[in-house]
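Residue numbers start at 1 and run along the sequence shown.
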Amino acid sequence: MMKFSKPNQTRTYDDEGFKRRAACLCFRNEKEDEVLLVSSSRYPDQWIVPGGGMEPQEEPSGAAVREVYEEAGVKGKLGRLLGIFEHNQDRKHRTYVYTLIVTEMLEDWEDSVNIGRKRNWFTIDEAISVLQCHKPDHAEYLHRLQNACNPNVLCAPLSLFTSKTLAVTLRVSLKPDSSLRKRKGFKH
């Protein structure tokens with residue numbers, strides 16, 4: 001399903017009416033301890049995770065790479081799918097969030113030239129803090145990253161899932177149940 005909203009912009013929706021989006025957590029290196037955020041186009045003093053709508057017929061991974069190139073002016077090595085996040089409050093969005101290790105940063109890029117967008121590196125905790133007020137759904141991406149293979153959280157490599165079960169599985173909370181917390185000495 002498609003909807004035309006702005007000149008040269010086509011919004012795509014899935015069969016359930018969710019806007020199809022993709023984003024990347026862009027890391028300085030494979031330690032994944034510093035993440036690149038960009039200034040919001042609507043609120044230039046606020047920071048966001050680079051991402052945006054998928055174009056018709058575009059795969060989520062391709063859209064994620066395109067969006068970070070346009071918004072953050074970076075190229076890199078696309079990593080794992082961190083999760084599929086649904087946002088239902090004001091607008092129904094379904095966002096595929098990937099990791100990306102930055103290998104190249106352009107001095108000038110599309111959004112820096114056209115709208116004055118800025119970018120900045122943050123530690124994970126700093127990024128969560130700046131995102132929490134303005135974009136709590138983006139902070140959730142980083143919370144998922146922190147919990148992805150925490151020893152107190154059950155997890156499995158994405159390659160163990162079939163494509164059919166992947167979407168369902170990624171929507172399940174990664175928090176352990178109370179019995180696991182007690183057995184493993186989990187402190188909340």
Short N-O contact, E70 and R66, less than 4.0 angstrom: yes

Is it the case that one hydrophobic cluster holds both I48 and V97, taking links as side-chain heavy atoms less than 4.5 Å apart, direct or via other members? no

Show the nearest heavy-atom pair for residues Y98 and S61, with the distance to one decimal. OH-N, 3.4 Å

Can you find a pair of side-chain heavy atoms, one from K77 and one from L100, that are under 4.5 Å apart? no

Tell me whether E71 contacts the main-chain N or O of G51 through its side chain, where contact means a donor paired with an acceptor under 3.5 Å. yes

Hydrophobic cluster membership, W121 vs V74, 4.5 Å side-chain cutoff: yes

Is there a path from V38 to L142 through hydrophobic residues (I, L, V, M, F, W, Y) whose side chains come within less than 4.5 Å of each other? no

Under 4.5 Å between side-chain heavy atoms, counting indirect links through other Ile/Leu/Val/Met/Phe/Trp/Tyr residues: same cluster for L25 and Y69 or not? no

Crowded around E59 CD? As in, over 12 foreign heavy atoms under 6.0 Å? no

Can you tell me if R20 uses its side chain to pair, donor with acceptor, with the backbone of Y13 under 3.5 Å? no

Would H143 and I128 satisfy side-chain contact (heavy atoms from CB on, under 4.5 Å), going step by step from the backbone distance to the final call? CA-CA 8 Å; H143 285 296; I128 289 171; 3.6 Å; yes

Verify the ring-centre separation between F18 and H93: is it less than 6.0 angstrom? no

side-chain contact (heavy atoms from CB on, under 4.5 Å), that's the test. Do S41 and D111 meet it? Break it down for me. CA-CA 9 Å; S41 59; D111 279 6; over 6 Å; no

Distance only, no hydrogens: is a donor on one side chain within 3.5 Å (strictly under) of an acceptor on the other, for Q146 and D125? yes

Rounded at 0.5 Å granularity, tell me how far CZ in R28 sits from CG in L36. 8.5 Å

For Q57, does the CD atom sit with more than 12 other heavy atoms under 6.0 Å from it, leaving out its own atoms? no

So, the side chain of E140 versus the backbone of D137: is there a donor-acceptor pair under 3.5 Å, distance only? no

Using atom types as modelled and distance alone, determine if a side-chain donor or acceptor of K92 lies under 3.5 Å from a backbone N or O of E16. yes

Evaluate R21 against Y96 for side-chain contact (heavy atoms from CB on, under 4.5 Å), listing each step before the verdict. CA-CA 6 Å; R21 299 185 75 254; Y96 293 74; over 6 Å; no

Can you confirm if the NZ or CZ of R117 lies within 45° of the ring axis of W109 and under 6.0 Å from the centre of its six-membered ring? no

